[in-house]
Peer 1: 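Here it is, the structure, as structure tokens.
All figures in this text were calculated on a predicted structure; none of them were measured in a lab.
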Amino acid sequence: MTENREIVRGTPVVPGIAYAPVIWPAPRPEVAPGSARIDEVSRDAEKVRFEEAAAVVSQRLRDRAASVSGAAAEVLQANAAMAADRGWLGAAQKLIAGGTPAEEAAAEATEQFATLFTKMGGLMAERVTDLRDIRDRVVSELLGLPEPGIPVPTTPSILCAQDLAPADTAGLDPELIVGLVTVLGGPTSHTAIISRQLGIPCVVAVRDLESVVAGTPVLLDGSAGELVVEPDPVEARAAVEHGRAERIRIQSWEGPGRTSDEHFVSILANVQDGAGARSAATTAAEGVGLFRTELCFLDRDSEPGVDEQAEIYGEVLDAFAGRKVVIRTLDAGSDKPLRFANHAEEANPALGVRGIRIAEQNPGILSRQLDAVAAAAKQTQSQPWVMAPMISTPAEAESFAAEVRARGLVPGVMVEVPAAALLADRLLRHVDFLSIGTNDLAQYTMAADRMSSDLASLTDPWQPAVLALVARTAAAGIAAGKPVGVCGEAAADPLLACVLIGLGVTSLSCAGAAVSGVGAKVGSVSLDDCRRAAEDVLATSDPAEARAAAVRVLGA
């Protein structure tokens, strides 16, 4: 099919086959610099005009967040908070006070922060796309233009873009947008995470994408990370039909998670709220492997009370009554700032006060959250597992475990920092389980911003160095007789999931849309095959070689 056809390649994110014409987003509003200055008499009114436009945009994003769930809701709430950010608003207001028109002030203030975020690197660098999206929405509101975003096609199409803001990605209709391809982004960018939640085939970090013009028919292979330009129509439709048949086969998987030779592995779901949990409960997921609790803390001027938190947590426990639910305590900081938390400005937030470290600087925030989890557990007659993010030392694990056990809950910790993987055996002296967050583990292991398209190959979860740390962590679990799961995006890759099982991982937690694909693939191979593939993968030197080694043993 690909002979004599132009093929552009990138990083595969969500598997699937799609054949459709390309569409590109409409151009964003332009602000011409050097426009007429605002006279002193009109400046206060100009400030009000700007503030009202920003408030409208912020409220629209909040409303949109309320209409979705999971990762989409979280990132939309974060963007709504960005539109109301005092620093950004203040910078624009200062420019207006000096006579700069509101539209130009919004653009200039945005570039000030974009430069700062880019220099910070880490997770903050990803916020540049989000910030510019806020700018465009505010500018459009000021100019009386329609809200910018993705055009709604009349027929199924493959959306190509330089990058996509969460506000765009979260609102996509999978019936009309049947594939996503971006020039920027990485395997754990917002676009990747939300497209996985929606089940839309996706490839990111495609450097030559801009050569593909709107209207061109293309064949997208989300597993291979390829876009075939103007493929043979007959062969393309056959590929789509094969993909559809495979999808039907996968969707019929009902669990439980086990290899073809009856080695059981829990296949769990990642959720962020009650609505997401109820949706995940309709899949074959055996429980929740990661309940992200940040959603009820973001976009708040004050910390939610214990009773309010308990009600939110209880919704998730009710949705999976009688089944395993793993709750992660507050994982904020860096790109998910808390308005009410006590923390100073940081030169490099990704290496700063994140996760469990917030509790150290804000006494009581963790204990109140654990009180809420305990209350929800009592109300629902369940016993959730509770884990802390960004644990780096055995002492941190010991302290956290004591607080969790004091409330009759099961303690564990996240392995996201190489130090935690290297000392996994010592962490397990204090806690009952470990859960590996491969997104951050890849970022910190490879010293590469996980949101950078330029570094997407380094943060690929197939990196042998990252998998070596997973293997070390899993081995510690086996030696201690305690479970070790994976709840990062790596667990959503069916092929990689099999390799993780071969490394000794006991559970896999992924987006609800990925559960059946992972379970079906795991059920098609034996434990010996998984172990052999894992051994071969660990002997490789780069992600492409690692994938190829796994395919040779396990099939595509």
Peer 1: Under the side chain to side chain contact (heavy atoms under 4.5 Å, CB included) criterion, do Val271 and Arg292 qualify, and how do the steps go?
Peer 2: CA-CA 6 Å; Val271 305; Arg292 302 181 178 99; over 6 Å; no

Peer 1: Out of curiosity, Thr445 OG1 to Leu458 CG, how far, rounded to the nearest 0.5 Å?
Peer 2: 11.5 Å

Peer 1: Is a donor on one side and an acceptor on the other found under 3.5 Å between the side chain of Asp163 and the backbone of Leu184?
Peer 2: no

Peer 1: Between Asp536 and Arg532, is the closest basic N to carboxylate O distance under 4.0 Å?
Peer 2: no

Peer 1: So, the side chain of Ser140 versus the backbone of Asp136: is there a donor-acceptor pair under 3.5 Å, distance only?
Peer 2: yes

Peer 1: For the side chain of Trp24 and the backbone of Val212, is there at least one donor-acceptor N/O pair under 3.5 Å apart?
Peer 2: yes

Peer 1: Which residues satisfy the side chain to side chain donor-acceptor pair (under 3.5 Å) test with Arg60, sequence neighbours excluded?
Peer 2: Glu141

Peer 1: Donor-acceptor pair, distance only, cut-off 3.5 Å: does the side chain of Thr259 make one with the backbone of Val522?
Peer 2: no

Peer 1: Using salt bridge (charged side-chain N to carboxylate O under 4.0 Å, His left out), reason through Glu241 and Arg244 one step at a time and then give a plain yes or no.
Peer 2: CA-CA 5 Å; Glu241 282 304 312; Arg244 183 177 292 117; 2.2 Å; yes

Peer 1: Give a yes or no on whether the backbone of Val13 and the side-chain of Arg196 come within a donor-acceptor separation of less than 3.5 Å.
Peer 2: yes

Peer 1: Taking the side chain as C-beta and beyond, is there a heavy-atom pair between Thr329 and Pro389 under 4.5 Å?
Peer 2: yes

Peer 1: About how many Å separate SG of Cys202 and CD1 of Ile158, when rounded to the nearest 0.5 Å?
Peer 2: 11.5 Å

Peer 1: Decide yes or no on side chain to side chain contact (heavy atoms under 4.5 Å, CB included) for Val206 and Leu227, but give the supporting numbers first.
Peer 2: CA-CA 9 Å; Val206 182; Leu227 193 71; 5.8 Å; no

Peer 1: Is it the case that the side chain of Ser260 and the backbone of Ser526 share a donor-acceptor pair, with hydrogens and angles ignored and the cut-off at 3.5 Å?
Peer 2: yes

Peer 1: Would the distance check show the side chain of Glu416 and the main-chain N or O of Met390 forming a donor-acceptor pair, the cut-off being under 3.5 Å?
Peer 2: yes

Peer 1: With a 4.5 Å cut-off on side-chain heavy atoms, are Leu180 and Leu172 touching?
Peer 2: yes

Peer 1: Determine which pairs satisfy side-chain hydrogen bond (donor to acceptor under 3.5 Å, both in side chains) with at least one residue from residues 501-524, sequence neighbours left out, and list them in order.
Peer 2: Asn270-Ser509

Peer 1: Any side-chain to backbone donor/acceptor pair from Glu286 onto Gly257? Under 3.5 Å, distance only.
Peer 2: yes

Peer 1: Find the distance between CG (Asp331) and CE (Met387) and round it off to the nearest 0.5 Å.
Peer 2: 9.5 Å

Peer 1: First locate atom CG of Asp493, then atom OG1 of Thr438, and finally report the distance between them rounded to the nearest 0.5 Å.
Peer 2: 10.0 Å

Peer 1: Does Ser157 reach the main-chain N or O of Pro153 with its side chain, forming a donor-acceptor pair under 3.5 Å?
Peer 2: no

Peer 1: Taking it one step at a time, do Leu220 and Val228 satisfy side chain to side chain contact (heavy atoms under 4.5 Å, CB included)?
Peer 2: CA-CA 6 Å; Leu220 173 64; Val228 182; over 6 Å; no

Peer 1: With rounding to the nearest 0.5 Å, note down the distance linking CG in Leu508 to SG in Cys498.
Peer 2: 8.5 Å

Peer 1: For Glu210, enumerate each residue passing the side chain to side chain donor-acceptor pair (under 3.5 Å) test, keeping only those at least two apart in sequence or located in another chain.
Peer 2: none

Peer 1: Show every ring-ring contact (aromatic ring centres under 6.0 Å, His included) that has at least one partner inside residues 239-295, sequence neighbours left out.
Peer 2: Phe291-Tyr313

Peer 1: Quiz question: by atom type and distance under 3.5 Å, do the side chains of Gln443 and Asn439 form a donor-acceptor pair?
Peer 2: no

Peer 1: Do Thr282 and Arg278 meet the criterion of a side-chain donor-acceptor pair at a distance under 3.5 Å?
Peer 2: no

Peer 1: Could you list all the side-chain hydrogen bond (donor to acceptor under 3.5 Å, both in side chains) pairs where at least one residue sits in residues 539-554, not counting sequence neighbours?
Peer 2: Asp460-Arg547

Peer 1: Quick one: side chain to side chain donor-acceptor pair (under 3.5 Å) partners of Ser211, sequence neighbours excluded?
Peer 2: Glu6

Peer 1: Is there a side-chain contact between Leu268 and Val288, using heavy atoms and a 4.5 Å cut-off?
Peer 2: no

